[in-house]
Amino acid sequence: MHLSNPIRRYLPYLLVGLTISLIMVGAYLAVGFASLNAPKALWSANPVTITFSGSAGTGSVGEFVKCAPKLTDVVFHATVGNPSKISLTIGPPGEATCGPSPDAVTLTAHCLVAAPDCKGVYTGTITIFEGYNTIPPGLAVAIVVT
């Protein structure tokens, strides 16, 4: 009987500790499984580089994108680090469906200033949106103007 007194005394604390531990393990597993099912973009190359001469004024590169699982009504959004000197566009600007088969897109960079002022290295990103949701990862774009 002498050994059961400490167990009885601490039993409520042991039960609370066990309950909290089980809740934490369950939450961890739920987050892990949710991230496995989260949509993802699959780019044929990431990062990608566009290189062109400033006198040409523009350069392009082809890329392929897939989505897993299949998504509908996706929109591509291009951003560039120095929008006063260079622009970055992607064509087409979106797709009705993005799924397991690769879809071709074209990235185009264009100088917005005179050739000597355009020379340099710039960075850009292509982001995929489905509604208000961002589909990772974004495509990193290096733009090299010689």
Side-chain angles (χ1 to χ4, degrees), residues 6-7 9-146:
I7 292 175
R9 186 177 331 150
Y10 294 111
L11 186 61
Y13 301 107
L14 292 171
L15 290 175
V16 167
L18 180 63
T19 302
I20 290 172
S21 298
L22 289 174
I23 289 171
M24 291 178 68
V25 167
Y28 177 78
L29 290 174
V31 168
F33 288 130
S35 66
L36 289 176
N37 294 329
K40 292 180 179 56
L42 304 164
W43 300 95
S44 56
N46 193 0
V48 67
T49 302
I50 302 171
T51 304
F52 61 97
S53 71
S55 58
T58 189
S60 296
V61 67
E63 178 73 36
F64 290 95
V65 63
K66 299 189 286 187
C67 299
K70 184 178 175 181
L71 303 172
T72 58
D73 297 322
V74 296
V75 176
F76 301 120
H77 181 71
T79 56
V80 68
N82 196 337
S84 62
K85 285 191 171 187
I86 199 143
S87 69
L88 177 64
T89 58
I90 182 168
E95 298 181 331
T97 60
C98 178
S101 60
D103 294 315
V105 294
T106 301
L107 310 174
T108 304
H110 183 77
C111 287
L112 301 175
V113 294
D117 297 329
C118 191
K119 289 183 182 180
V121 177
Y122 306 92
T123 59
T125 305
I126 303 296
T127 308
I128 300 176
F129 289 97
E130 183 187 38
Y132 294 107
N133 298 321
T134 303
I135 310 303
L139 174 63
V141 183
I143 303 164
V144 180
V145 183
T146 58

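For the numbers below, each heavy atom of this structure counts, side chains included, while hydrogens, waters and symmetry mates do not.
Residues Phe129 and Thr134 form a side-chain contact, since some pair of their non-hydrogen atoms from C-beta on lies under 4.5 Å apart. Val65 places a side-chain heavy atom less than 4.5 Å from the side chain of Phe76. Residues Phe64 and Asp103 form no side-chain contact, since every pair of their non-hydrogen atoms from C-beta on lies 4.5 Å or further apart. Counting heavy atoms from C-beta on, the side chains of Thr89 and His110 never come closer than 4.5 Å.
Scanning both residues, Ala109 and Thr58, for their nearest heavy atoms gives O-OG1, 2.9 Å. The heavy-atom pair separating Gly138 from Asn46 by the smallest distance is O-ND2, 3.0 Å. Ser60 approaches Thr106 most closely through the heavy-atom pair CB-CG2, 4.1 Å. Looking at every heavy atom in both residues, Pro92 comes nearest to Ala104 through CD-O, 3.9 Å. Counting all heavy atoms, side chain and backbone alike, Pro39 lies closest to Leu71 at CB-CD2, 3.9 Å. Between Thr125 and Leu88, the shortest heavy-atom distance links the atoms N-CD2, 4.2 Å.
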Under the side-chain contact (heavy atoms from CB on, under 4.5 Å) rule, what do Phe52 and Thr146 come out as? Steps first, then yes or no, please.
CA-CA 6 Å; Phe52 61 97; Thr146 58; over 6 Å; no
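Counting only N and O atoms by type, the side chains of Ser84 and Asn82 include a donor and acceptor under 3.5 Å apart. Side-chain contact, Ser55 with Ser53: a donor N or O sits under 3.5 Å from an acceptor N or O.
Side-chain N or O atoms of Glu130 include one that pairs as donor or acceptor with a backbone N or O of Thr72 at under 3.5 Å. When atom types are taken as modelled, the side chain of Thr123 and the backbone of Ala142 share no donor-acceptor pair closer than 3.5 angstrom. Here the side chain of Lys85 pairs a donor or acceptor atom with the backbone of Asp117 at under 3.5 angstrom. A distance-only check finds no donor-acceptor pair linking the side chain of Trp43 to the backbone of Ala140 [under 3.5 Å].
Each of Leu139, Val141, Ile90 was compared with Glu63 under the side-chain contact (heavy atoms from CB on, under 4.5 Å) criterion, and only Leu139 meets it.
With rounding to the nearest 0.5 angstrom, the CD1 atom of Ile143 is 5.0 Å from the CD1 atom of Ile86. Here CD1 of Ile128 is found 12.5 Å from CG of Asn133. Values are rounded to the nearest 0.5 Å.
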